[in-house]
Amino acid sequence: MYSQKKCVAMLLAGGQGSRLKALTTKVAKPAVSFGAKYRIIDFTLSNCVNSDIDTVGVLTQYQPLVLNEYIGNGQPWDLDRTFGGVHILPPYQAKSGSEWYKGTANAIYQNLGFIENYDPEHVLILSGDHIYKMDYNMMLNEHIRTNADCTIAVLEVPLTEASRFGIMNTDENNRIIEFEEKPKYPKSNLASMGIYIFKKDKLFKYLKEDAEDLNSQNDFGKNIIPTMLSSGEKMIAYPFKGYWKDVGTIKSLWEANQDLIGEDPAFDIYNPFWKIHSRNVGIEPQYIAKDAILTNSLVTDGAKIYGTIINSIIGSNVIVKKGAIVKDSVIFSNTVIGENSVIEYSIIDEKVTIGKNVKIGKPKTDDVEIAVVGRGVTIGDNVVIDQGANIEEDIQNEGKEE
Amino acid sequence: MKALGIIFSNIHNETIDELTRKRTTASIPFGGRYRLIDFALSNLVNSGVDNVGILAQTNYQSLMDHLGSGKDWDLSRKNGGLIIFPPFGSYKNDTLYKSRLEALISIKGFIETQQEELVILMDCDSANIINFNDVIDKHIHKGADMTILYKHGKCEKDLQQNMNFVLNEDDRIIKIDLKSEVGKVTNSCINIVVIGRRLLQGLLEEAISQGMQSFHRDLIFNNIKSLKIYGYEHKGVYLHVNSMENYFKYNMALLDKDTRDALFGNKNQRVYTKVRDSAPTRYGFNTKVENSFIADGCEIEGTVINSILFRGVKVGRGTIVKNSILMQGTVTGDNVKLNYVITDKNVAIRSRNNLSGCEKIPYYLGKNIMV
């Protein structure tokens, strides 16, 4: 086999994702379910393998158990390779002591040895919490063609929203002349997507310098990129056109799920030449019963639908019992929804058991908040859960049977 | 005691000619996302068998494609795992094997070099759930030379051609009829046999030296006195796919909760199949779906009632699919009407077509046909 890789991908998957509330109390954000049968990290891993990048280091730190088990040897993504493949990289103990990953840059810095193993010319840095399809190979070609030291993928966002992102100001050749993190008065609408390709040597140089700087927050956006820019390195923006969504909040996670359905879905997962791979085991097909009603929804293997599903995403092995109504909601896998319960504008995590006549959430309008029920929670009969609730503990029966 | 699995993939091709024109019996699509061999392989793997040989004879491309390295059944192993035996012709003898016995003789070398003490010989013309640990326990407990699985009950047409047994109170088979009579209560053989590996080796040697032809007649029927042959009643679900009528009937049986639970309800006896990473199934705005079993990757805009849809089926606007089985990749246009129709893989049905069969003779459209 080869002893060298052209490009190695490093996937940052250690963030807690606290804005996802109950969904991330027990799992890391990249392992949160998405689109009925996927987890968020599937999209980035599938992009890698579909872009012929076969060496991926996944940096984990927060609640890694579900994520570690899910990735396993990488076989579902075709990333079980004799040389390369996917590797989980947790923080480790070293002779000089042990430390947690202090920031995105520090996480990569602690794993320079992993990158060195493959002696790549370029290093691709990715986030494990975005939903999109992108050919990294085209970006890499552009990076090589322009002989850039660093290429940053950028997306045009509405100018009104630009102050939420890291904004790149570029010249006519896409060369980045200024970078502003969440500017109050943005000068352009090119937002950084958190996808970087570095020349390996430059990356190593700046990471080592950054590690020695005790005042640094060891973050790519806050430290590495501004330092490289001020040192006059050649930094190029790579404009990306297409669907891209940061699913860092409950609202955006819900919206991204909704983008899979509708008259003309904003995000297409049916392209046979850009398959989104995921770990799926032998589960029988879904069963739709006689009195079920299904409108504008996504349902996957193992689901058993006896009730009504409207504008919703239903995960594997979910059971929706007779008379139950699920509307404008996202239900993760292995959840059971009891008879005559009504779920509106909610996200229900994996392995949740919901009893009979339960009411969760309020009909969706502009000022209603999404209700969230966390992993493994049991909700007793007749319980009412208000809009915007964040349920992490079991709730017992509300007494009397009707 | 460890067992080696040997599966006959072609034995029943002639009984269901339409579906096996371009594939083996083993690779007949069944139940939305499965092939018949998935049930045989999953039963073996779930019973701890991790060394499986599959005898292929003709048109086995689809079977090879389905099985790949065997990893979807956890059979991609360094020790054992999955091995496919295509026909082995030589300059002296260029004909394909004609019988179960000849097929076994062709892999005698393989059987001799394995380590397992027992061999499970099985057909894959049915969807069933069998725990071989129980079968093997009984085989050892009885000190049997051979244990043959049978189905007790009123003989239906599909088991007419199979042997049937008379057992004594100890479950030893004391009399064998080579054919059964429809309607009589019988113990019909379902062509799954557990036998000692060395005994099988010896029987194959004998068969070669005496020019024997038939596994059932020469190795079982004629040895009923000299060998201890026991019966094992298979009590669970057994969907015998040996005719178009039965193919339709038993696919439709999956719409019944009890049958579905019997096949798929036991979490320790999962049925594995080739994983394709299909996207979830999407239901549009004006859909009506009733009592149907639907695999992933479908896009449904119309009406689906009492039907089985395989992976990647598209049902157009205003289209009504009733009492039908649509295999992988079937695409219908808008305002199509289907009733009692079976479409094979990648069939395309243009808009406004109206096709109908009946329960006994479903209308069958072959692979890749465009209507």
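Naming: A, B, ... by sequence-line order, numbering from 1 per chain.
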Q. Distance-only, no hydrogens or angles: does the A/Lys275 side chain make a donor-acceptor pair with backbone N or O of B/Arg276 under 3.5 Å?
A. yes
Separation between CG (B/Asp296) and OG (A/Ser316), nearest 0.5 Å, reads 8.5 Å
Bottom line for B/Lys257: the part with an atom under 4.5 Å from chain A's heavy atoms is side chain
Flag if over 12 foreign heavy atoms under 6.0 Å of NZ, B/Lys322
no
A/Asn280 and B/Val275 have their tightest heavy-atom pair at OD1-CG1, 2.9 Å
| query | Does a salt bridge link A/Glu263 with B/Arg317, judged by any charged N lying under 4.0 Å from a carboxylate O? | reply | yes
So, the part of B/Lys71 with a heavy atom under 4.5 Å from chain A: the answer is side chain
Please check if the number of heavy atoms outside A/Lys321 that lie under 6.0 Å from its NZ is greater than 12. no
Original post:
Can any side-chain N or O of A/Thr295 pair as donor or acceptor with the backbone N or O of B/Asn286 at less than 3.5 Å?
Top reply: no
Assert top hit (heavy-atom pairs under 4.5 Å, partner chain A, pool B/Ser292, B/Cys298, B/Gly32) equals B/Ser292
request  = With the side chain counted from C-beta on, respond yes when A/Glu284 and B/Arg33 share a heavy-atom pair under 4.5 Å apart, and no when they do not.
outcome  = no
Counting heavy-atom pairs under 4.5 Å with chain B, the top scorer among A/Ile313, A/Ile288, A/Asp291, A/Ile293 is A/Ile288
* Above 12 or not: heavy atoms from other molecules or residues under 6.0 Å from NZ of B/Lys288? -> no
Applying a strict 4.5 Å limit to non-hydrogen atoms, the region of B/Glu299 in contact with chain A is side chain
A/Glu255, CD: over 12 other non-hydrogen atoms inside 6.0 angstrom = yes
Of all heavy-atom pairs linking A/Tyr38 and B/Ser278, the shortest is OH-O, 4.1 Å
If you count every heavy atom of other residues, nucleotides or ligands that lies below 6.0 Å from B/Lys78 atom NZ, does the total exceed 12? no
dist B/Lys267:NZ -> A/Asn317:CG (nearest 0.5 Å) comes out at 5.5 Å
Turns out that what part of A/Pro265 lies under 4.5 Å from chain B's heavy atoms comes down to side chain
Among B/Phe285, B/Tyr272, B/Phe264, B/Phe310, the residue with the most heavy-atom pairs under 4.5 Å to chain A is B/Phe285
| query | Is it true that atom NZ of A/Lys304 has more than 12 heavy atoms of other residues, nucleotides or ligands lying nearer than 6.0 Å? | reply | yes
inquiry  = I'd like to check A/Ile283 versus B/Arg270 (side-chain heavy atoms, cut-off strictly below 4.5 Å). Are they in contact?
reply    = yes
So, the part of B/Val271 with a heavy atom under 4.5 Å from chain A: the answer is backbone
**Study point:** Sub-4.5 Å side-chain heavy-atom contact between A/Pro285 and B/Ile294
**Key:** no
Inset, instruction - Report yes if the side chains of B/Tyr283 and A/Val299 come closer than 4.5 Å at any heavy-atom pair, otherwise no. - result: yes
Query raised in the report: When you check the gap from the basic side-chain N to the acidic O, do B/Asp277 and A/Lys37 get nearer than 4.0 Å?
Result: no
Interface check, chain B: of A/Ile310, A/Ile309, A/Asp301, A/Ile269, most non-hydrogen pairs under 4.5 Å belong to A/Asp301
Does any non-hydrogen side-chain atom of A/Gln286 lie less than 4.5 Å from one of B/Thr281? yes
Heaviest contributor of heavy-atom pairs below 4.5 Å to chain B, chosen from A/Ser278, A/Ala303, A/Ala36, A/Pro272, is A/Ser278
Bottom line for A/Lys290: the part with an atom under 4.5 Å from chain B's heavy atoms is both
When every non-hydrogen atom of B/Leu255 is compared with those of A/Tyr287, the smallest separation belongs to O-OH, 3.6 Å
Between the CG atom in A/Asn296 and the CD atom in B/Glu301, the distance rounded to the nearest 0.5 Å is 9.0 Å
Looking only at A/Gly262, A/Pro76, A/Ala292, the option with the highest number of non-hydrogen pairs under 4.5 Å against chain B is A/Gly262
> Is the count of non-hydrogen atoms from other residues, nucleotides or ligands lying under 6.0 Å from A/Lys351 atom NZ greater than 12?
Replying inline: no
